[in-house]
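In what follows, chains are A, B, ... by sequence order, proteins preceding strands, each numbered from 1.
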2 protein chains.
Amino acid sequence: MDSVWSRPKKAPRQTLTLGRIVAEAVALLDEEGVARLTMRRLAERLDTGSTTLYWHVRTKDDVLDLALDAVFGEVRLPSRDRPPEGGWQRPVRELIGGWRAALLRHPWSATILDRPLMGPNALERTEFLYAALSAAGFAAPKPAAYSLSNYVMGSVVMQVTWQDRDEGGTGDFLAERAARYPSLAEHGLDHAWDATFEEGLGYLLDGMDQALHRRTGAP
Amino acid sequence: MDSVWSRPKKAPRQTLTLGRIVAEAVALLDEEGVARLTMRRLAERLDTGSTTLYWHVRTKDDVLDLALDAVFGEVRLPSRDRPPEGGWQRPVRELIGGWRAALLRHPWSATILDRPLMGPNALERTEFLYAALSAAGFAAPKPAAYSLSNYVMGSVVMQVTWQDRDEGGTGDFLAERAARYPSLAEHGLDHAWDATFEEGLGYLLDGMDQALHRRTGAP
DNA sequence: CCTCCACTCGACCAGTGTTCGACTTACTAG
DNA sequence: CTAGTAAGTCGAACACTGGTCGAGTGGAGG
C-alpha cells in the first residue's frame, strides 16, 4: 500500500539547487536591496552553510548574473508574426515597455546593469529586438537596437536612483538653488515617469521611422 | 632677506584637503578601477592614515560622489548664444558628445552612475541642457532632457561593460549560438561605438525636431 | 562490504568601511 | 609667555565581507 508514510525516503527537505538559490536571491534582493545581499544571509535563508553555495556557484557575481537574467526572464516576448499588425513599432514598444516594467519591479537590477548581459533570457530578448528591427527594414539594426536598449537601461537607472533616495529632500534642494539653475528648478521637478518615458520613446521611434523612410524613399 | 630657507614654516608637505583627496581618488580609479578603491589605499597614496580621511569626508560614498562630479566637471559647456548658429541641435550635440567623452575617459564612472547626480558640475550641465531645449521651443523640456541623458548614460554603461570584460571571448560565444540568436550573431558584433552612438543620437534629435515642428506648425 | 562521488560545512584568511578616543599641532586670548 | 581651544591626525579595534581548505556526510553501484 502506497502512502506518504511508506515512502519517507526522498527529500524531507528539498535539496539545494541552482534554481532555488537564484529564486531566493531574487527574493532577498527584492526585500532588502543589493547592499544586503550577502552569501551568508542568502545561505541562512536557504538553511545552509554559506560555503555550500560555493559548490553551486563560483562567485557572488554569478549569483547576481543569474538573478539579473531571471528578471529579464519576466519580460514577455511579443508574438512574432510578420509583418506585425499596427506597424513595426508595435512589437518594439511592447518589448521595451515590458523590459522597463520588469526592471522597475526589481529596482536593485538597475544598480547591477553594469555587466555584460549574456544570460539566455537577456539574449533572447535582444535577439527579438534585432529581428524585429531587421524585419522593419533596417539593413543594419545595430544602432537602432543599441539606442533602444540604452534608452531603457538609462531611464530605469535614473528613475530608480531618484525614487529610492529622494523622499522629498531634492525639491527643497533645487528650490534653494533656483537662482543658479532656473530652468532645471522650473521644469525638472515633476516626476511623471511613465508619461516622460513614453514621450521620449516616441522621439526615438519617430526618428528611427524617419530614417527608415528616408532610406526606402516611401512616405 | 627672503629665501626659501627663511620661510620654512608653511607646508613642508602640502596639507590634506578635500580637493587633494578627490584628485587622488580619481587618479586611483583611473589606474586601478572602482573595485580597488579602498579608503586605506587612498589614504596610503596621500601619505595619511585611513582614518584621517573621515575627518574630511563622511563616507566612502562621499568620495565617489565627489569623484564622479569631478568627471562631469571635465565636460566643456558650449557657448550660450541664442539663437545658436547651426540650429538648436548644435549645442545639444556638443554637450552630449562631451558628456560621453568625459565618462568614457574614466570608465569606472559608468559603474557609479546609479546615484543622484546633485554635484554642482552635474547640475550645471543639466541646467544647460534644460535651457537649450527650452530655448529650442520645448514648452516642457523635461522629456527631451530626460531622453538625452538616459541615452548618454546608457550608451556609456553598455560600451564600458563590453569593452572592459570582453577581450574577444564574446565573439566566439555568440558565434557558437548563432543558430539560436541569428540576427544578433549577424548584426550585433561589430563595435563601431562612435558611429553607432552618433546614429542613435541622430534618431533621438530627429524625433525631437519632428515633435517641435509638429507643435510649431512650421516646416 | 567497500568505494566512489556529489554534496555539505566549520574554521579560517585577508581585507573592508567605519568608529573611538587619545594625540599632536597652530593659533588666540589673557 | 603661558593656557586654552580648536582643527586636524591617527593606531587600535569592531563587525562584517567574499572566498578557500580540507575534512566530513550519505547514498548508489559494484
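Remark: B:Arg45 CZ is packed, more than 12 non-hydrogen atoms of other residues, nucleotides or ligands lying under 6.0 Å away. Other residues, nucleotides and ligands contribute more than 12 heavy atoms inside 6.0 Å of the CD atom of B:Glu31. Within a 6.0 Å radius of CD in B:Glu44, other residues, nucleotides and ligands contribute 12 heavy atoms or fewer. Within 6.0 Å of CZ on A:Arg105 lie more than 12 heavy atoms contributed by other residues, nucleotides or ligands.
The separation between A:Asp47 atom CG and C:dC7 atom C1' is 16 Å, rounded to whole Å. Rounding to whole angstrom units, CZ of residue B:Arg41 and P of C:dA14 are separated by 17 Å. To the nearest angstrom, P of C:dT16 lies 12 Å from CG of B:Leu42. The nearest whole Å value for the distance from the CG atom in A:Leu18 to the C1' atom in C:dC7 is 14 Å. In this structure, CG of B:Leu16 is placed 16 Å from C1' of C:dT24, rounded to the nearest angstrom.
Without hydrogens or angle criteria, A:Glu127 side chain to B:Ser183 main chain gives a donor-acceptor distance under 3.5 Å. Without hydrogens or angle criteria, A:Lys142 side chain to B:Ala192 main chain gives no donor-acceptor distance under 3.5 Å. A side-chain donor-acceptor contact under 3.5 Å links B:Thr59 to the backbone of B:Asp61.
Between A:Phe138 and B:Tyr203, the angle of the ring planes goes over 60°, which puts this pair in the perpendicular group of the 30/60° scheme.
No side-chain heavy atom of B:Arg41 sits less than 4.5 Å from a side-chain heavy atom of B:Ser50.
In the region residues 51-60 of chain A, proximity to DNA chain D at under 4.0 angstrom, judged on heavy atoms, holds for A:Thr51, A:Tyr54, A:Thr59, A:Lys60. Residues from residues 26-39 of chain B lying near DNA chain C, meaning a heavy-atom separation below 4.0 Å, are B:Leu37, B:Thr38, B:Met39 in numerical order.
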Taking only nitrogen or oxygen atoms into account, show me every contact under 3.5 Å that the protein makes with nucleotides 22-26 of chain D, one pair per line with its distance.
none

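Under the salt bridge (Lys or Arg N to Asp or Glu O under 4.0 Å) criterion, A:Glu124 pairs with no residue at all, not counting sequence neighbours.
Between A:Phe197 and A:Tyr151, the distance separating the two ring centers is shorter than 6.0 angstrom.
Taking five base pairs at each end of the helix from C:dC1-D:dG30 to C:dG30-D:dC1, the local helix axes there meet at an angle of 20°, rounded to 10°.
Residue B:Arg40 places a side-chain atom within donor-acceptor reach of the base of C:dG17, judged by atom type and a 3.5 Å distance cut-off alone.
The salt bridge (Lys or Arg N to Asp or Glu O under 4.0 Å) test with B:Arg115 is passed by exactly one of B:Asp62, B:Asp65, B:Asp69: B:Asp65.
Applying the salt bridge (charged side-chain N to carboxylate O under 4.0 Å, His left out) test to pairs two or more places apart or on separate chains, those with a residue in residues 186-196 of chain B are B:Arg100-B:Asp194.
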